[in-house]
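Letters go in sequence order (proteins before strands), and every chain restarts at 1.
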There are 2 protein chains.
Amino acid sequence: MNDVIGHLKKNGIKPSFQRIKIFEYLVTKENHPTVEMIYKELVNEIPTLSKTTVYNTLNLFIEKKIAHTIVIEENETRYDSHMEVHGHFKCEKCGTIYDIKIDDKISEIKSLDKFQIDEQHVYYKGICDKCLQKNLN
Amino acid sequence: MNDVIGHLKKNGIKPSFQRIKIFEYLVTKENHPTVEMIYKELVNEIPTLSKTTVYNTLNLFIEKKIAHTIVIEENETRYDSHMEVHGHFKCEKCGTIYDIKIDDKISEIKSLDKFQIDEQHVYYKGICDKCLQKNLN
DNA sequence: GTATCTGCAAAACATTTGCAATTCT
DNA sequence: AGAATTGCAAATGTTTTGCAGATAC
């Protein structure tokens, strides 16, 4: 909890109650949530919370580079506080988004020789092992 | 033009005028357009065209697997009739989306051992060589 | 003549914006 | 008090839906 406050401060963000709770949610859940998911859970703890604040706060986190968006499904933006380069796998059955390690393959792509690459995004869709095992029954 | 009609028929799509024109647009432009881009250009040729028809038609193409969506920017779905596995590069300056070849690296990803992978998506963002050269002046 | 296709208008969502009220120091 | 933050209500933008009229076979 204190490390969350420190992390916010270190990145130039005043640690208001809402901001602390939202960042805490991202870090502890690690579930790549939508705004809806964050709102629905936190409104129990903070009854006056509005979605506007969730949007404002997440946009602030992105501006300050302590979070980023994951775009896998059109019309469903998800958020992640895990900032190292990594990929994702979305299970089409249960909807879970898994983090996956990806190596840095940028240099191998010949067609991008003279291009300046700022971001690399990799994701897969399919069915996760848990859902595959359920289907065996 | 005739090959477009043939392609539509072969995939179980009745080749109406609108469908032919929209598919022709995808194939000849190869520009990964938004609905807006398709609509704005084709409404010149087909003055009664509606965006609903563009949406309906693209959704039909996707259902019949002769097109797919590219999701790079949230709130901006793009469409592609190039069906082989490939990646994309989006230039943040000029907005152009380039196709890039990617090798099939799926088997190398250990953490996905027991997962069933149905789709692989790779894209980059940065600045393309044309825009980089303009900046030298 | 019956099926399908098209396109308008309205609805459904997700996200942003304007602004007034609240909070913090 | 003054500045920043919050949250409501309205606006915006994208995509879908319902349905009536047009088109095609």
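In this structure the side chain of His32(B) reaches within 4.5 angstrom of the side chain of Asp99(B), judged on heavy atoms.
OP1 or OP2 of dT16(C) has not a single side-chain nitrogen or oxygen of Tyr55(A) nearer than 4.0 Å.
Of the residues near DNA chain C, Glu76(A) and Lys14(B), the one whose nearest nucleotide (by heavy atom distance) lies more toward the 5' end is Lys14(B). Two residues, Asn59(A) and Arg19(B), neighbour DNA chain C, and the one matched to the more 5' nucleotide by heavy-atom proximity is Arg19(B). Heavy-atom nearest nucleotides on DNA chain D were determined for Asn75(B) and for Phe17(A), and the one closer to the 5' end corresponds to Phe17(A).
Arg19(A) places no side-chain N or O within donor-acceptor distance of the main-chain N or O of Thr57(A), the cut-off being under 3.5 Å.
A side chain to side chain contact (heavy atoms under 4.5 Å, CB included) with Lys64(B) holds for exactly one of Leu8(B), Asn59(B), Ile13(B); it is Ile13(B).
Between the side chains of Asp118(A) and Gln116(A), at least one donor N or O sits under 3.5 Å from an acceptor N or O.
With sequence neighbours excluded, the residues that form a side chain to side chain contact (heavy atoms under 4.5 Å, CB included) with Thr69(B) are Glu74(A), Ile62(B), Val71(B), Thr77(B), Tyr79(B).
Taking atom CG of Asn56(B) as the reference point, atom P of dC8(C) lies 13 Å away to the nearest angstrom. If you take CD of Gln18(B) and P of dC5(C), they are 11 Å apart, rounded to a whole angstrom. As a whole-Å value, the separation of Glu74(A) CD from dT15(C) P is 13 Å.
Listed in residue order, the members of residues 30-54 of chain A having a heavy atom less than 4.0 Å from DNA chain C are Thr52(A).
Salt bridge Lys21(B)/Glu41(B): absent, no basic N to carboxylate O contact under 4.0 Å. Taking a cutoff of 4.0 Å between a charged side-chain nitrogen and a carboxylate oxygen, Glu76(B) and Lys90(B) qualify as a salt bridge. Comment: Lys51(B) engages Glu36(B) in a salt bridge, judged by a side-chain N to carboxylate O separation of less than 4.0 angstrom.
The partner of dT2(C), taking Watson-Crick or G-U wobble pairs whose two distances both stay under 3.5 Å, is dA24(D).
Here NE2 of His82(B) is found 10.0 Å from CD1 of Ile70(B). Values are rounded to the nearest 0.5 Å.
Interface limits on DNA chain D: the 5'-most and 3'-most nucleotides within less than 4.0 Å of chain A heavy atoms are dA4(D) to dA9(D).
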